[in-house]
Amino acid sequence: MRVVIPAAGLGTRFLPATKSQPKEMLPVVDRPIIQYVVEEAVAAGANDILIVTGRGKRALEDYFDHNPELARWNDRPELRTLDELSQKARIHFVRQREPKGLADAIACARHHTGSDAFGVLLGDTIHRCDPPLLQQLWTRYERHHAPILAVEPVPDEKVRDYGIIDGPEVEPGLYRCERLVEKPTLDDAPSRIGITGAYVLTPEIYSAIDRTSPGANGEVQLTDALQLLARERPVYATTFRGTRHDIGDRFLWIKTNLEFAMRVPELREQLRPILAKLLRDEPPG
């Protein structure tokens, strides 16, 4: 399975931390976000991964490259795990020349994926799923041979942050998309079912992207391209088993760090008294 990981965003919600480092390199406990995403892809069966980067993202390439200066510490488990990960799948990089949106980033993979279906995982979202999320999506794809989007219900106050889909439920948890709207207002949203940022796409998506006009923020939106594609052939959305950790802003990043740290017995024991004290000492209001 080929997997494309768009990681070319500017990370403006994390400034100034992302002024000189990629958002995808921010750590969650003991390793950067991008490692979790690549691990997730490999666990789902990916043997070929293309990471779409942009200006100032060279650290992503360096991270998965061999570092001779650290060779003497190669016996350390964390470095050995990273080296083994880099050997389980071929990892390639391509640069998006301008930050023109998610659809434009995916279009950079056109010559790499060719005529095959491919998975997409975002570089700032971690999933904990069993089986892995892309594996769940691929199972749906093999049954319907059509694009598959991962979705989940979103609260009203979050609707404007998501692409929203609407359409009939054709199987338990599987919807045929008839309408897809990028970041609608609550009044304009056709449902409360949000696109979470994991996909299995077919090569027809590229021609749909070519025909999609820039939308919100002057960017070419993948949701708009999928809406165009849905008028011509079936496009499906599916719920999934597992947990999604969106790391799109400071609060969500801190929340994810705490959740992951509390799953490590040693860190959990160290954090409990600190968190309890912070809660006791919290000023009123």
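Every heavy atom of this structure was used, including side-chain atoms; hydrogens, water molecules and symmetry mates were not.
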Quick one: closest heavy-atom pair of [X] and [Y], and the distance?
X	Y	result
I91	S86	CD1-CA, 4.3 Å
L134	G119	CD2-CA, 4.1 Å
R244	Y162	NH2-OH, 2.5 Å
A146	T202	C-CG2, 4.3 Å
G56	P22	O-CG, 3.9 Å
S115	P203	O-CG, 3.5 Å

Exercise for the section: Apply side-chain contact (heavy atoms from CB on, under 4.5 Å) to L50 and R2, showing your working. Expected result: CA-CA 8 Å; L50 178 68; R2 286 191 172 97; over 6 Å; no
Has [X] got a side-chain atom pairing as donor or acceptor with [Y]'s backbone, closer than 3.5 angstrom?
X	Y	value
N257	V29	yes
K23	G9	no
T196	A150	yes
E40	H127	yes
R176	V170	no
Q136	P131	yes

* Asked: Can you list the steps and then say if Y36 with H245 is a ring-ring contact (aromatic ring centres under 6.0 Å, His included)?
  -> CA-CA 11 Å; Y36 288 96; H245 298 273; 9.1 Å; no
side-chain contact (heavy atoms from CB on, under 4.5 Å) with V4: of V94, V52, I49, only one passes, and it is V52
To the nearest 0.5 Å, what is the distance between [atom1] ([X]) and [atom2] ([Y])?
X	Y	atom1	atom2	result
W253	I33	CH2	CD1	8.5 Å
R160	D188	CZ	CG	9.5 Å
K183	K158	NZ	NZ	11.0 Å
Q227	E178	CD	CD	10.0 Å
L102	L222	CG	CG	5.0 Å
L201	I106	CG	CD1	5.5 Å

For T223, the side-chain hydrogen bond (donor to acceptor under 3.5 Å, both in side chains) test, sequence neighbours excluded, returns E182
side-chain hydrogen bond (donor to acceptor under 3.5 Å, both in side chains) pairs touching residues 166-175, sequence neighbours excluded, are R140-E171, R143-E171, H144-E171
Check your understanding: Would the number of heavy atoms belonging to other residues, nucleotides or ligands and lying under 6.0 Å from CZ of R211 be above 12?
Key -> yes
(message) Other residues, nucleotides and ligands only: do more than 12 of their heavy atoms fall within 6.0 Å of CD on E266?
(response) no
* Could you please spell out the steps behind the side-chain contact (heavy atoms from CB on, under 4.5 Å) verdict for T212 and Q221? => CA-CA 8 Å; T212 301; Q221 302 294 334; 5.9 Å; no
Decide yes or no on side-chain contact (heavy atoms from CB on, under 4.5 Å) for L60 and M25, but give the supporting numbers first.
CA-CA 7 Å; L60 291 168; M25 288 298 296; 3.9 Å; yes
Please report the C-alpha distance between L180 and I195 in whole Å, then the side-chain angles of each, then the deciding distance to 0.1 Å, and finally whether the side-chain contact (heavy atoms from CB on, under 4.5 Å) criterion is met. CA-CA 9 Å; L180 302 95; I195 303 170; 4.1 Å; yes
Parallel, tilted or perpendicular: rings of Y141 and H145 (30°, 60°) = perpendicular
Checklist entry - Would you call R13-D124 a salt bridge at under 4.0 Å N-O? => result no
### Query
Does the pair K255/E259 count as a salt bridge with the N-to-O cut at 4.0 Å?
yes
Give a yes/no verdict on a cation-pi contact between R31 and Y63, requiring under 6.0 Å between NZ or CZ and the six-membered ring centre and an angle within 45° of the axis.
no
So ring pair (Phe, Tyr, Trp, His ring centres under 6.0 Å) across residues 80-112, not counting sequence neighbours, yields H92-H112
**Q.** Any L229 side-chain heavy atom under 4.5 Å of P147 side chain
**A.** yes
Original post:
Within a strict 4.5 Å, meaning less than it, do heavy atoms of the L271 and M262 side chains meet?
Top reply: yes
